[in-house]
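Values reported hereafter were calculated over all heavy atoms of this structure, with side chains retained and with hydrogens, waters and symmetry mates removed. Please read all numbers here as calculations on a predicted model, not as lab measurements.
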Amino acid sequence: MADKRREVDDRFSKFGTVSFTSISRVNDFIDYLEQGKVMGSRCKNCGTVHFPPRADCAECLSSDIEWFELTGTGELVSFSKLMYAPVGFEEDLPYSIAILDYGDYKIFGRISKDIPDKELEIGMAMKTEPIILPNGQLSYVFTKA
Amino acid sequence: MGRVGIIGVGQSAFVRGYPGSIRELAYEGFREAVEDAKVSPKDIDASIICSAPEYDKQRSPAGVIAEYLGLVPQPTFYLESVCSSSSMGLRVAYSMIKSGLHDIVCVLGFQKMSEISSAESQERMGRGADIQWESPFGTMMPAYYAMYARAHMAKYGTTEEDLALIRIKAATYGQLNEKAVYRKPVTMEQIFDPERPPVATPLKVFDCCANADGSSCIIVASEEKAKSLCEKPVWILGLGAASEAVNMAGRDLFTGLSVAREAARQAYEMAGAGPGDIDVAEVHDCFTVAEMMAYEDLGFAEPGEGKALIRDKETYREGKIPVNVDGGLLSKGHPIGATGGSQIRTVVLQLRGEAGPMQVKDPEIGLVHNIGGVGLYGNVTILGRS
């Protein structure tokens, strides 16, 4: 008989510095991150693309989705550098959150600390790269294109 | 079907740590409103209790509060849209009366943010964002609004000094409001004090409103009841409400709030009025940039032109369109569930000519702009004397 604990697919608890979600029907996102790929979803019925990925399409109500890899560059829409953090994120300070626009979709995340603040400018091209955080969690980060 | 009027308004003092329980806090705003309306709890047909539940230790506070206020056995229920809960409560009260279901409904907003520690509070506020796809990056409310501020600055040339002028205006009137938590003047030097690091660039400490404990209460009645019970009823002329994608990745506008634009469009249409008809406004200045965007989203200025309004002091009491002349959230404090009711109270008092030292000259029509989350929910309410 299978171990009952294994029946809980809580892969999503590996996402980000602190994850607030453990179970999701897009848990495969985490496997792809482990493989070094940041993936979005595409509805196989109507073709709508989504980032963040979704298990269900709100356009046509289909739940038949496929994965696609985020490639190329996005444009920096805006960003902010946090000097204070919520509980659980203090050791990451300071860090910058940002939005990139890839045209068909946007992505929310953090900017790589390798980029000096003075080089950041709205409209600049950036790319999204998967990373493993110091605490072993999985995430992605925006880097210079 | 007749109109719907506001016959009583009340608000507790907004304070840092209220020395009592949530039911006692709710009572403070309620007592003032029933005294103002000259009704007794027995006259109230139903109550809507508005707050953000993550701050409450009490599960389902509506029943506990209704009982304490003497509103049992009438129907009561809990309503939440975070920071715009009590404006959404007014919308629901309007529809309950307009449908003929009830004659008098009480909208009670409250929040005792000091029920939990400041660190817990920041963490819970961050969870007002998308907990699956955003919170794992360590998000906070100021950082989201900071991204809007940076986008506005980049597109329109708005400056940190322009935002500081909004804070200075808020402090000017906060000093006059005996119910405000922050009643001191604020100077440019304090705002740009190099000893104080930004909270989230480009927003600094003085760009942000403070947590507070407080309650507010609005008593709403059918036209017939309002005319028989109240000498100066204030009429609900327009109601607008909208929602937006919670995740920033799902949005297209970063120099304004789409919910405010949509709610304003609905409210103006329903009221048969436009931005030029508004004589006094309360807007949701949880951050200075939120007020700047509100000027533009409500049509008081064209997109990008909001900065001219504050530079020219047109949003001061004597200006073209007085905004937040009670000190706003920046001075009053922001007890989440009570905030919308406090804004509505201010506009009602203005329209009745009872706003004391904050009174603007003879206003006919007033507007309330109340936002939930980072532009997640938006309510715009237009009120009038006739």
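Salt bridge status for B/Arg167 with B/Asp285: absent, with no side-chain N to carboxylate O gap under 4.0 Å. The residues A/Asp9 and A/Arg11 are annotated as salt-bridged, a charged nitrogen and a carboxylate oxygen being separated by less than 4.0 angstrom. Classification of A/Glu66 and A/Arg42 as a salt-bridged pair holds, one side-chain N sitting under 4.0 Å from a carboxylate O. A salt bridge links B/Arg261 with B/Asp297: the distance from a Lys NZ or Arg NE/NH1/NH2 to an Asp or Glu carboxylate oxygen falls below 4.0 Å.
Chain A forms the most heavy-atom pairs under 4.5 Å with one residue out of B/Gly138, B/Pro142, B/Ala200, and that residue is B/Gly138. Among A/Tyr140, A/Phe51, A/Tyr105, the residue with the largest count of heavy-atom pairs under 4.5 Å with chain B is A/Tyr140. For the set A/Ser78, A/Ser19, A/Gly16, the count of heavy-atom pairs under 4.5 angstrom toward chain B peaks at A/Ser78. The candidate from A/Ile122, A/Leu93, A/Ile107, A/Asp117 with the greatest count of non-hydrogen atom pairs under 4.5 Å with chain B is A/Ile122.
When heavy atoms are compared at a cutoff of 4.5 Å, A/Phe89 approaches chain B solely by way of its side chain, counted from C-beta outward. Contact of A/Thr17 with chain B is made through backbone and side chain together, with heavy-atom distances under 4.5 Å. Heavy atoms closer than 4.5 Å to chain A are found in the side chain of B/Phe254, but not in its backbone. Using a 4.5 Å cut-off between heavy atoms, A/Val26 touches chain B through its side chain atoms alone.
Note on ring orientation: taking the six-membered ring where Trp is involved, the planes of B/Tyr145 and B/Phe287 are tilted (angle from 30° to 60°).
Residues A/Pro53 and A/Met39 share a closest heavy-atom pair of CG-O, 3.8 Å.
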